[in-house]
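Reckoned from all heavy atoms, side chains included, excluding hydrogens, waters and symmetry mates.
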Amino acid sequence: MIKNSEKIKEKLVCSIVVPMYNAEKFISQTLDSILSQTEKNFEVICVDDCSKDRTIEIVKEYQKKDSRIKLIQNESNLKVSRTRNRGIEIAQADWIALLDSDDMWETTFLEEVIKKRNETNARLVSTSCKFMTNEGEILSNEFIVNDVIKYKELLKQNSILCSSVFIEKNLLIKYPFFADSVHEDYVCWLSILKEIGCSYAVTKPLMIYRLTTGSKSRNKLKAIKMTYFTYRKHGLNPISSLFYTFCNAINGIKKYSKINKGKIVKGK
């Protein structure tokens, strides 16, 4: 006889994990983008990391309207890596989709990453992305990734964008996010691709990344230091870490110069 939890797991296409901290300004837009997906067979695990604003209250209002949304509250502030890990551990599906509380998806995101997974037998699928301002205005420039991302290419630039990831749960259990002092997602993707060889991507920009003031990716000097220590955490020697940090910095300059030249094409 199949237990209820196993029946639920069989029905779910994926579990969507959303770590949150003081996200009242953006969480409604994030949840709306999830609930508007053309693929409907999922659960949403919102993990709150001791927010001091109205984040929890807003999510509870969404729960009243949609039973697919689950709210988990940390007893103490765990930071984003451990908060994301907690959601992954709780997830009931075999596949995980990750979405940060200030980012958004296009309505066909889940449908298209699942299609790519089925076509390629991929264990990790990601997508290209659009960018938006802190106020939610869409910029004209996009970050387009290759349809196949190999380990050696990933070393030169983190082209697997966290909020665009659709991945086997057991890979994230084996390689959890572990440190906020480095680029925690980059260490994870490097470790996974070193094992599986490559990941696949939908080249269409189906994720919308919010450029928030003061984020790790916007503070260039801090980002460079964190990138170096990310490679060291991954196990590269100091010389290799410096080389790939240089490669990553050059690619980052190219990426953000395009973003900064982008014009607003659509408002909220």
Side-chain angles (χ1 to χ4, degrees), residues 19 78-85 88 96 98 100 103 120 122-129 131 141-168 170-203 205 207 209 211-261:
L78 300 179
K79 305 298 183 183
V80 67
S81 296
R82 292 169 64 192
T83 297
R84 193 180 282 124
N85 288 340
I88 292 164
I96 303 290
L98 301 173
D100 287 344
D103 296 333
T120 61
R123 302 180 69 188
L124 192 167
V125 177
S126 58
T127 77
S128 298
C129 82
F131 297 94
N141 289 318
E142 302 168 342
F143 181 58
I144 306 300
V145 299
N146 295 329
D147 58 351
V148 179
I149 301 172
K150 297 181 179 180
Y151 172 71
K152 289 186 177 181
E153 296 167 356
L154 188 68
L155 281 168
K156 296 179 180 179
Q157 182 178 30
N158 184 9
S159 53
I160 298 178
L161 308 171
C162 194
S163 287
S164 77
V165 165
F166 184 77
I167 185 172
E168 285 183 5
N170 59 12
L171 285 175
L172 290 178
I173 295 298
K174 184 175 182 179
Y175 300 105
F177 301 98
F178 69 94
D180 296 308
S181 59
V182 297
H183 296 296
E184 76 284 345
D185 59 330
Y186 197 13
V187 177
C188 181
W189 314 142
L190 286 169
S191 299
I192 289 172
L193 258 64
K194 190 173 183 180
E195 175 180 321
I196 68 176
C198 69
S199 63
Y200 293 81
V202 178
T203 56
M207 187 269 282
Y209 179 84
L211 297 167
T212 55
T213 304
S215 69
K216 288 188 289 188
S217 58
R218 299 289 279 177
N219 187 327
K220 303 298 188 298
L221 181 59
K222 181 179 179 181
I224 289 171
K225 290 180 179 179
M226 290 177 70
T227 300
Y228 172 79
F229 287 111
T230 295
Y231 292 126
R232 295 292 287 133
K233 285 283 187 182
H234 180 56
L236 299 186
N237 63 47
I239 299 300
S240 294
S241 296
L242 284 171
F243 171 74
Y244 286 116
T245 298
F246 176 77
C247 293
N248 206 303
I250 295 300
N251 286 323
I253 290 170
K254 293 178 181 178
K255 174 182 174 182
Y256 283 103
S257 65
K258 289 181 180 180
I259 295 170
N260 291 332
K261 292 178 183 177

Nearest-0.5 Å distance that lies between atom [atom1] in [X] and atom [atom2] in [Y]:
| X | Y | atom1 | atom2 | answer |
| --- | --- | --- | --- | --- |
| Gln157 | Ser159 | CD | OG | 6.0 Å |
| Leu154 | Cys198 | CG | SG | 11.5 Å |
| Leu236 | Thr230 | CG | OG1 | 10.5 Å |
| Met226 | Thr245 | CE | OG1 | 12.0 Å |
| Leu193 | Leu124 | CG | CG | 6.5 Å |
| Cys129 | Asn141 | SG | CG | 11.0 Å |

Between Cys162 and Trp189, does a side chain to side chain contact (heavy atoms under 4.5 Å, CB included) hold up when you go through it step by step?
CA-CA 9 Å; Cys162 194; Trp189 314 142; 4.1 Å; yes
Considering only heavy atoms from C-beta outward, does the side chain of [X] approach that of [Y] to under 4.5 Å?
| X | Y | result |
| --- | --- | --- |
| Leu172 | Phe177 | yes |
| Phe229 | Ser241 | no |
| Ile192 | Arg123 | no |

Take Phe166 and Thr127 through the side chain to side chain contact (heavy atoms under 4.5 Å, CB included) test and state the conclusion after the steps.
CA-CA 9 Å; Phe166 184 77; Thr127 77; over 6 Å; no
Can you name the ring-ring contact (aromatic ring centres under 6.0 Å, His included) partners of Tyr151, sequence neighbours left out?
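So Tyr151 forms a ring-ring contact (aromatic ring centres under 6.0 Å, His included) with His234.
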Test: Arg84 and Glu184 ion pair at under 4.0 Å:
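Salt bridge between Arg84 and Glu184, a charged N being under 4.0 Å from a carboxylate O: yes.
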Looking only at non-hydrogen atoms, find the nearest pair between [X] and [Y] and report the distance.
| X | Y | result |
| --- | --- | --- |
| Leu155 | Asn248 | O-ND2, 4.4 Å |
| His183 | Ala223 | NE2-O, 3.2 Å |
| Leu98 | Ile96 | CD2-CG2, 3.7 Å |
| Asn146 | Ala201 | O-CB, 3.3 Å |

Just by distance, do the side chain of [X] and the backbone of [Y] share a donor-acceptor pair under 3.5 Å?
| X | Y | value |
| --- | --- | --- |
| Tyr244 | Thr227 | no |
| Ser128 | Pro205 | no |
| Ser163 | Asp100 | yes |

Geometric class of the Phe143/Phe131 ring pair [parallel <30°, tilted 30-60°, perpendicular >60°]
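Phe131 and Phe143: tilted rings.
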Ile160 vs Asn158, test: side chain to side chain contact (heavy atoms under 4.5 Å, CB included). Steps then yes/no.
CA-CA 6 Å; Ile160 298 178; Asn158 184 9; 3.9 Å; yes
Residues, nucleotides or ligands: over 12 heavy atoms within 6.0 Å of Arg82 CZ
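No, not enclosed.
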